[in-house]
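Just so it is clear, the model here is predicted, and its values are computed rather than measured. Protein chains get the first letters and strands the later ones, always in sequence-line order, with residue 1 at the start of each.
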Protein chains: 2
Amino acid sequence: METQKIPTKVFINLTEDKKRRILDAAVREFSKHGFHRASINRLVKNLGIAKGSIFQYFGSKEGLFKVTFEYCIEQVKKSLRKIKHQSNGVSFFDKIKNTVFAGIEFAKSHPEAYQLYLKMVFQEDFPFREMYIKQIHIFSADYLRDLVVEGIERGELKKDLNIDATVFFLDSLLDRFVQAYVVEFLDAGAEIHAASNKKISSYVDELINLLKTGLGAGER
Amino acid sequence: METQKIPTKVFINLTEDKKRRILDAAVREFSKHGFHRASINRLVKNLGIAKGSIFQYFGSKEGLFKVTFEYCIEQVKKSLRKIKHQSNGVSFFDKIKNTVFAGIEFAKSHPEAYQLYLKMVFQEDFPFREMYIKQIHIFSADYLRDLVVEGIERGELKKDLNIDATVFFLDSLLDRFVQAYVVEFLDAGAEIHAASNKKISSYVDELINLLKTGLGAGER
DNA sequence: CATGCTAATGACCAGGTGGTCATTTGGAGA
DNA sequence: TCTCCAAATGACCACCTGGTCATTAGCATG
C-alpha cells in the first residue's frame with residue numbers, strides 16, 4: 001500500500017477530451033465562486049458525472065483545486081513564452097507595449113483563469129496560496145527586470161535607475177491596466193474596461209509617453 | 001405596519017459602546033472570511049450575544065453587511081478629509097507623497113476595513129458591490145484629478161498632459177503601493193511589505209522621482 | 001457465456017449555514 | 001410589590017456542504 005498520487009492514475013487514464021472537459025469546468029467553478037464557495041455538487045451536475053468520481057480522481061476538493069490551478073499556470077506559461085519569442089529585437093518601450101497586449105489577450109482568451117488568479121491574490125485563504133503566488137511572480141517580475149536591465153545597457157533607459165523601484169513601477173502599471181480591462185470600476189474613470197483594441201492602443205501609447213518622459217514640467 | 005428600516009431602532013437604541021463593539025466584530029468577521037464564508041454563529045460567539053439579536057438588529061446577513069460596510073466607508077471619509085486638510089499649500093509631488101502615507105496609515109490603523117475593500121473589489125459576489133465600488137472611486141479618482149488639474153495650473157506639471165491617463169497612472173501606482181504594503185508578494189521583490197517608515201519614505205521618493213522625470217534617457 | 005476486475009455511481013453521513021420564534025429576562029412605572 | 005412590554009435568548013428548522021462506500025455497470029479475457 002503506497003500513498004496516493006494526485007491526480008490518480010484513474011484520472012490520468014481518462015481520454016484527453018474528458019480530462020479537458022473536467023478541468024475546464026473546474027476552472028469555471030473555482031473562478032466564479034472562489035475555493036470555499038465552489039461546490040462539488042454543482043460541478044458534477046454541470047459535468048453530468050457522479051460526485052464519487054471527482055474524489056476518485058483527485059482525492060479531495062483541495063486536490064482538485066491543486067490540479068486545476070496548475071492547469072491554469074500551464075496556460076500562462078505558454079502565453080508568456082509566445083510573447084517573449086515574438087518581440088525579439090524591438091525597443092524597450094515597444095516590448096512594454098507588447099507585454100500589455102499579451103496580458104489583455106490572455107485575460108480575454110482565458111477569462112476564468114485570470115479571475116482565478118485575482119481571487120487567489122486577494123482572497124488569502126486558498127490552499128497553497130503563498131507557494132503559487134511566489135511561483136507566478138517569478139515570471140512577471142523577473143521578466144520585467146530582464147527588460148529593464150537590457151534597456152539600460154542599450155542606452156534606452158537612464159543608466160542611474162533604481163532597478164527595484166523601476167520594476168515595481170512597471171509591474172504596478174501593467175498589472176493594473178489588465179485588471180482595469182477585466183474588473184470594471186478599476187479604471188479610475190478612464191474607460192479602459194472592455195475597450196476596443198484601437199482605444200487600448202492609443203491609451204497604452206499615452207501611458208508609455210508618461211513613462212518615458214515623466215509628469216514634471218522639467219527644466220529640459 | 002410599515003417596512004423595516006435597517007438597522008432597526010432596536011439597534012440604534014443600543015449604547016454607543018455596544019454598537020461599536022458589534023460593528024467592529026462584524027468588520028473583522030467579514031474582512032477575514034468575505035461575505036459568504038462569514039459566519040453569524042461565529043460572530044455571536046465572539047461577541048457573547050444571542051444569534052437572534054443580530055437578526056433583530058439587521059434583519060438578515062445582507063443587512064448586517066450593508067451597515068458594516070457603510071461603517072467602514074465612514075472611516076475612509078474621515079481619513080481623506082484629514083489628509084486633504086493637512087496638505088494645504090504644499091507642492092504637487094509632496095501632496096502625492098502625503099497621500100501615499102495617508103493610505104498606508106489607514107491600512108495600518110484599519111487593517112480589517114482595508115482587507116474588506118480588497119475582497120470587495122476582487123471577489124465580485126458581494127451584495128451591492130457595484131454601488132459601493134463606484135462610491136469609493138468617486139473619492140480617489142476625483143481627489144487625484146483635482147491634484148493634477150491644480151498641478152498643471154501651477155506649472156508644476158506639463159501643461160499638455162492627458163488628464164485621464166495621468167489620473168489612471170497615479171491611481172495605479174498609489175493603490176498598488178498600499179496593496180503591496182498589506183498583501184505581500186505584490187511588491188515584485190521590492191520588499192515594500194510591512195517595511196519601516198524610513199524605508200517606505202525613501203522608496204516613495206524614488207517613485208516620485210520616476211514620476212517626475214520618467215524612465216527614458218531623454219535628449220534633454 | 002462466465003469470470004474477474006476496474007471504474008462509475010449516488011444514497012447516505014456528520015457538520016455547518018442563515019434564519020425563526022416561543023419563551024425568558026429585566027427594568028420602568030404604578 | 002406587581003404589571004407590562006420590549007429586548008434578549010437559543011433550541012430548532014430546512015438546506016447545503018465535502019466526503020464515504022457498498023453497489024452496479026461495463027468490458028476484456030478465458
Side-chain angles (χ1 to χ4, degrees), chain A residues 1-19 21-23 25-26 28-30 32-69 123 125-128, chain B residues 1-19 21-23 25-26 28-30 32-69 123 125-128:
Chain A
M1 190 82 54
E2 40 176 328
T3 53
Q4 283 279 1
K5 284 266 166 46
I6 302 297
T8 61
K9 69 177 174 57
V10 187
F11 178 74
I12 290 173
N13 289 339
L14 261 36
T15 66
E16 287 304 315
D17 189 68
K18 186 163 186 185
K19 279 192 270 189
R21 259 180 29 98
I22 291 176
L23 290 180
R28 194 169 313 122
E29 182 65 23
F30 280 125
K32 209 165 177 176
H33 304 285
F35 178 76
H36 294 285
R37 283 249 303 163
S39 158
I40 308 272
N41 290 327
R42 194 165 37 206
L43 175 68
V44 297
K45 206 153 120 192
N46 286 338
L47 278 168
I49 67 174
K51 177 149 64 159
S53 295
I54 291 293
F55 289 89
Q56 198 156 36
Y57 300 156
F58 308 103
S60 67
K61 190 183 187 180
E62 224 174 68
L64 170 63
F65 177 75
K66 199 173 158 170
V67 176
T68 303
F69 197 76
Q123 202 176 351
D125 49 359
F126 282 80
F128 319 111
Chain B
M1 190 81 57
E2 41 174 328
T3 54
Q4 283 279 2
K5 284 267 167 44
I6 302 296
T8 61
K9 71 179 172 56
V10 186
F11 178 73
I12 291 173
N13 289 340
L14 260 38
T15 66
E16 287 304 313
D17 190 68
K18 186 162 185 186
K19 279 189 272 189
R21 260 181 27 107
I22 291 175
L23 290 180
R28 193 169 314 124
E29 182 66 22
F30 281 124
K32 209 165 178 177
H33 304 284
F35 177 76
H36 294 285
R37 285 246 306 162
S39 157
I40 307 273
N41 290 327
R42 194 164 40 204
L43 175 67
V44 298
K45 205 151 119 193
N46 285 339
L47 277 168
I49 68 174
K51 176 148 65 156
S53 295
I54 291 293
F55 289 88
Q56 197 156 38
Y57 300 155
F58 307 104
S60 66
K61 191 184 189 181
E62 223 174 71
L64 170 64
F65 178 75
K66 199 172 158 173
V67 176
T68 303
F69 197 76
Q123 202 177 350
D125 50 358
F126 282 79
F128 318 112

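- End-to-end axis angle for the helix from C:dC1-D:dG30 to C:dA30-D:dT1, using five pairs per end and rounding to 10°, comes out at 10°.
- Listed by chain and number, the residues in a salt bridge (charged side-chain N to carboxylate O under 4.0 Å, His left out) with A:Lys61 amount to none (sequence neighbours excluded).
- Considering every non-hydrogen atom in both B:Ala26 and B:Thr68, the closest pair reads CB-OG1, 3.5 Å.
- A heavy atom lying under 4.0 Å from DNA chain C marks the following residues of residues 36-47 of chain B, by number: B:Ala38, B:Ser39, B:Ile40, B:Asn41.
- Every residue meeting the ring pair (Phe, Tyr, Trp, His ring centres under 6.0 Å) condition with B:Phe65, not counting sequence neighbours, appears here in chain and number order: B:Phe30, B:Phe35, B:Phe69, B:Phe126.
- Geometrically, B:Lys66 engages B:Phe128 in a cation-pi contact, judged by NZ or CZ lying under 6.0 Å from the ring centre and within 45° of the ring axis.
- For B:Lys19, the side chain to side chain donor-acceptor pair (under 3.5 Å) test picks out B:Glu16, with sequence neighbours left out.
- Near DNA chain D, meaning a heavy atom under 4.0 Å from it, residues 59-69 of chain A has A:Ser60, A:Lys61 in order of number.
- Applying the ring pair (Phe, Tyr, Trp, His ring centres under 6.0 Å) rule to B:Tyr57 yields the partners B:Phe11; only residues at least two apart in sequence or on another chain are considered.
- With sequence neighbours excluded, the residues forming a salt bridge (charged side-chain N to carboxylate O under 4.0 Å, His left out) with B:Arg42 are B:Glu29, listed by chain and number.
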List, one per line, each side-chain donor-acceptor pair under 3.5 Å for residues 43-51 of chain B, sequence neighbours excluded.
residue	atom	partner	partner atom	Å
B:Lys51	NZ	B:Asn41	OD1	2.8

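- Partners of A:Arg37 under the salt bridge (charged side-chain N to carboxylate O under 4.0 Å, His left out) rule, at least two apart in sequence or in another chain, do not exist in this structure.
- Phosphate proximity of C:dA7 to A:Tyr57: absent, as no side-chain N or O sits under 4.0 Å from OP1 or OP2.
- Here chain B contacts DNA chain D (any atom closer than 4.0 Å to a heavy atom, that is under 4.0 Å), and the contacts span D:dA7 to D:dG10 from 5' to 3'.
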